[in-house]
Enquirer: 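This is the structure I want to talk about, given as structure tokens.
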Amino acid sequence: MTYYSVRMRTGRRLDAKDVYDLLRTVPEGQVTTYGDLAKALGFPGAARAIGRIMNANPDPIVVPCHRVVSSDGSIGGYGFGIKMKKEILAKEGLQFDGDAIVDFEKKRAVLKLKREK
DNA sequence: GCCATGGCTAGTA
DNA sequence: GCCATGGCTAGTA
């Protein structure tokens, strides 16, 4: 599996693999946000870049990109359509009020960066 | 110029 | 609802 890394305007690199690894720690039944992932990895403000990386997800089976939603608790986007995103999340136990996640703050995962080798 | 974002403000009710 | 943020890409020169 080859991942790409994103070159920030600052010159720093955000490795897509780091994003996917962190996202994989979000358990079924919970969600995180684009901005939370960005911040946890030390790139505050790069939420939009995270969205791009989600869109480029090479393996939706392994990387649960459907668990990444907007910071206001609304559904956010999805490469296969937000309808499917909602269906998957519903299957994982989340409830919706329109496009808004019910009890969003309770479902919002606390991201912890694992020390890498 | 586009977009799978987010934060802040005006302005309505 | 506006605009700052951030990288990508089609398409012009």
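Convention: sequence-line order gives letters A, B, ...; per-chain numbering from 1.
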Enquirer: Looking only at heavy atoms, what is the nearest atom pair of A:Ala109 and A:Val26, with distance?
Expert: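 What the structure gives for the nearest pair is CB-CG1, 4.1 Å.
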Enquirer: If Ile, Leu, Val, Met, Phe, Trp and Tyr residues are connected whenever their side-chain heavy atoms lie under 4.5 Å apart, and connections chain through other members, are A:Val6 and A:Leu37 in the same group?
Expert: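 Cluster IDs for A:Val6 and A:Leu37 match.
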Enquirer: So, the side chain of A:Lys107 versus the backbone of A:Val102: is there a donor-acceptor pair under 3.5 Å, distance only?
Expert: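 Side chain of A:Lys107 to backbone of A:Val102: no pair is present.
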Enquirer: Ion pair present between A:Lys91 and A:Glu87, side-chain N to carboxylate O less than 4.0 angstrom?
Expert: no
Enquirer: More 5' along DNA chain B: A:Lys39 or A:Val68, using each one's nearest nucleotide?
Expert: A:Val68
Enquirer: Using a cut-off of 4.0 Å on non-hydrogen atoms, how would the nucleic acid contact of A:Gly76 be classed: base, sugar-phosphate, or nothing?
Expert: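 Result for A:Gly76 = nothing.
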Enquirer: Identify the 5'-most and 3'-most nucleotides of DNA chain C with at least one atom closer than 4.0 Å to a non-hydrogen atom of chain A.
Expert: C:dA4 to C:dC8
Enquirer: Tell me whether the count of non-hydrogen atoms from other residues, nucleotides or ligands lying under 6.0 Å of CZ in A:Phe80 goes above 12.
Expert: no
Enquirer: Are A:Leu14 and A:Met54 connected, step by step, through hydrophobic side chains (Ile, Leu, Val, Met, Phe, Trp, Tyr) whose heavy atoms are closer than 4.5 Å?
Expert: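 Looking at the clustering, A:Met54 is in the same group as A:Leu14.
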Enquirer: Which helical stems does DNA chain C take part in, if a stem means at least 3 consecutive Watson-Crick or G-U pairs with both distances below 3.5 Å?
Expert: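 Only these stems qualify: B:1-3 with C:6-8, B:5-8 with C:1-4.
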Enquirer: For DNA chain B, whose closest nucleotide is more 5', that of A:Arg52 or that of A:Asp72?
Expert: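 It is A:Arg52 whose nearest nucleotide is closer to the 5' end.
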Enquirer: Consider only side-chain heavy atoms of I, L, V, M, F, W and Y, link residues closer than 4.5 Å, and tell whether A:Ile50 and A:Met8 are in one cluster.
Expert: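 In one cluster: yes.
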Enquirer: Under 3.5 Å, side chain of A:Tyr20 to main-chain N/O of A:Ile53, donor-acceptor pair present?
Expert: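 Yes, because the side chain of A:Tyr20 sits within donor-acceptor range (under 3.5 Å) of the backbone of A:Ile53.
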